[in-house]
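Note that ligands are numbered from 1 as they come in the structure, with each ligand's atoms numbered from 1 the same way. FYI, side chains are in, hydrogens and waters are out, and symmetry mates aren't considered; it's all heavy atoms of this structure.
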Amino acid sequence: MAKNTAIPYKIYLKEDELPRAWYNVRADMRTDHRPLLNPATRQPLTVADLEPVFCTELAKQELNTQDRFIEIPEAVRNFYKMYRPSPVVRAYCLEQALHTPAHIYYKYEGGNTSGSHKLNSAIAQAYYASQQGLRGVTTETGAGQWGTALSMACGYFGLDCRVFMVKCSAQQKPYRKAVMETYNATIVSSPSDTTAVGRKMLAANPDNTGSLGTAISEAVELAVASEGYRYVLGSVLDQVLLHQSIIGLEAKAALDAYGVQPDIVIGCAGGGSNLGGLMAPYMGDRLAGKPAPYFIAVEPSSCPSLTRGRFAYDYCDTGHVTPLAKMYTLGSGYIPSSSHAGGLRYHGMSPILSQLYHDGYLDEARSVRQTEVFAAAELFARVEGTLAAPESAHAIRVAIDEALKCKESGEAKTILFGLTGTGYFDMAAYIAYNSGTMQDHVPDDEELAKGFATIPQVE
Ligand SMILES: *Cc1c(COP(=O)(O)O)cnc(C)c1O
C-alpha cells in the first residue's frame with residue numbers, strides 16, 4: 001500500500017475480512033511456559049484432570065501447544081459480527097492536543113453492552129459449554145465486567161449462569177447486577193451461605209465483604225458439585241489469550257491495509273488477556289525473527305506483579321483450589337489496596353505473558369499511579385470523546401508518555417494501544433478523582449514480603 005494514503009479517523013475491516021481463526025502464540029514460543037500443576041500431587045495437569053472443572057474443548061485449548069491457528073466456530077463468528085470488528089481509531093485529536101509528531105492509534109473494545117473486551121472470550125466459552133450439552137456455568141466477578149460479559153454470552157446460548165460477585169463490589173455497583181439479571185444470570189454476593197467455603201468465611205467473620213479469591217473458590221465448589229455445570233474464567237488462562245487474539249488479528253489486518261506498522265504496542269495488564277490478544281500477531285512476527293514493535297505492559301503501582309513480583313509457581317486463587325501456574329506473582333495471599341481499576345487487581349499474571357516477559361520478548365513492564373492514570377483518562381475524554389474504563393486508562397497514560405517523549409526527540413513513532421473498555425460503570429472512580437479524594441498507593445517492600453511469604457515452594 002502507498003505509504004501516504006490518508007488514514008481515516010476510524011479503520012474498520014469489512015465483514016468478509018474478519019479473522020476466521022484465533023492465533024495460538026504458544027505454538028511459536030521459543031520456550032513454552034511451564035505446565036499447570038495439580039495443587040495436590042504437583043504433577044502436570046492433563047485434559048482428563050481438567051475436565052471435571054472445565055468444558056472439554058476448553059481444557060484441550062488450554063493445553064494446546066501445537067496448533068498455530070484454531071478455527072473460530074461459525075456460531076461464535078456470527079456473534080462476533082454483531083459487535084465486531086471493533087474500530088482502530090487514529091487519535092488525531094490527542095496528537096494535536098499533545099503537539100506530538102507521534103502517530104497514535106487505539107483499538108476500542110468498549111462498544112458492546114458488556115463494555116469491555118471480555119465478551120470475546122465469554123462468547124467462545126459459552127459456545128463450547130452449550131455444544132457439550134451442559135446446563136450452565138459458574139464464575140466469579142470482581143469489578144463486574146467479566147460477569148456481565150458471561151451473562152450476555154450465556155443468555156445468547158440459553159445457558160444457566162451463576163456469578164459469585166465480591167460482596168463489596170455488588171453493593172457498590174447495583175447497575176452491573178441489573179444488567180446481568182436482565183440476561184437471566186443469577187448473582188450471588190460472595191461470601192455466601194450457598195457453599196461450604198462461603199459458610200466457613202461467614203462463620204469466621206459475618207461482616208466479610210469478600211475477595212476475588214473467595215469468590216473463585218465458591219464458584220469452583222458449586223461447579224464441581226452440580227451435575228451439568230463447569231467453571232469458567234475471564235483472564236489469565238491460555239484459552240482466554242487465544243480467544244482475545246481476535247483483537248490483535250483485526251488491528252493488524254486493519255493497519256496493514258494502510259501500510260502502518262506500529263513501533264510501540266501498549267496494553268494494560270491485569271491477568272494479561274487483552275495485551276496478550278492485542279500483541280499476539282505482532283509477537284508472532286517477533287518470534288519468527290521479523291521486525292516487530294516494542295511491547296509495553298502497564299500495571300497499577302498498587303498491584304505490580306510484573307514490575308515487582310517473583311517468577312514462581314503459585315496458586316491462581318486465595319482458596320488454593322485452582323492449579324499452580326508458573327507466573328509473575330505477588331503471592332496469592334497478597335491483598336492489593338482498594339483501587340478503582342478492579343480489573344487490574346490480580347496477584348498473578350498470565351503464564352504466557354510471564355514467560356514472554358521473562359525471556360525478553362515482552363520488552364517492558366511499567367507501573368503507574370492511579371491519579372496520573374485518571375489525569376490521562378480525563379484528557380482523553382475531553383479530546384477524543386471517549387470516557388475510558390480505569391483499567392484502559394493505564395494504557396492511555398503510557399501512550400501519552402511515549403508520545404510526549406517523541407515530542408522531545410522529534411521522532412514520529414507509531415503507537416498502538418488497547419482501549420479495553422468504557423468507564424460508564426465506574427463513575428464512583430471519576431467522582432473520587434474529580435473531587436480530589438483519590439489516593440495513590442505504592443506498597444512498600446514489607447507489604448510485598450507478606451504476599452511473597454504465601455508463595456509455595458515448588459521447583
Ligand atoms: C478485565 C479488564 C482488564 C484487565 O484484564 P486483562 O485480562 O489483563 O485484559 C482491562 N480492561 C478492562 C476494561 C477489563 O474489564
For this session: Please confirm whether the backbone N or O of K450 pairs with a side-chain atom of T454, one donor and one acceptor, at under 3.5 Å?
Result: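 Between the backbone of K450 and the side chain of T454 there is no qualifying donor-acceptor contact (under 3.5 Å).
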For [X], counting its heavy atoms only, list the atoms of ligand 1 lying under 4.0 Å from any of them.
| X | answer |
| --- | --- |
| C268 | 10 (C) |
| A269 | 8 (O) |
| L344 | 4 (C) |
| G270 | 8 (O) |
| S235 | 6 (P), 7 (O) |
| E391 | 10 (C), 11 (N), 12 (C) |

For this session: Could you check if a side-chain atom of I246 sits within less than 4.5 angstrom of a side-chain atom of Y23, using non-hydrogen atoms only?
Result: no
Exercise. Are any non-hydrogen side-chain atoms of F79 and L119 less than 4.5 angstrom apart?
Worked result: yes
Hey, is [X] touching ligand 1 through its side chain, its backbone, both or neither, going by heavy atoms under 4.0 Å?
| X | result |
| --- | --- |
| H117 | side chain |
| E109 | neither |
| V236 | neither |
| S116 | side chain |

Exercise. Any idea which protein heavy atom is nearest atom 4 (C) of ligand 1, and the distance to it?
Worked result: G343 O, 3.4 Å
Exercise. When you measure from atom 15 (O) of ligand 1 to every protein heavy atom, which one gives the shortest distance, and what is it?
Worked result: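 Of every protein heavy atom, K118 NZ, 2.6 Å lies nearest to atom 15 (O) of ligand 1.
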Problem set entry | Over 12 foreign heavy atoms within 6.0 Å of CZ, F69 |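 Enclosed.
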Seminar exercise, completed: Heavy-atom proximity to atom 11 (N) of ligand 1 ranks first, among T420, V240, T422, for T420
Give a yes-or-no answer on whether the side chains of [X] and [Y] include a donor-acceptor pair shorter than 3.5 Å.
| X | Y | answer |
| --- | --- | --- |
| D317 | T322 | yes |
| W146 | S235 | no |
| H441 | E447 | yes |
| N120 | Y83 | yes |

Exercise. Pick from F295, Y108, Y105, Y106: which one makes a ring pair (Phe, Tyr, Trp, His ring centres under 6.0 Å) with F417?
Worked result: Y106
Exercise. For ligand 1, is there an N or O atom under 3.5 Å from any N or O atom of S392?
Worked result: no
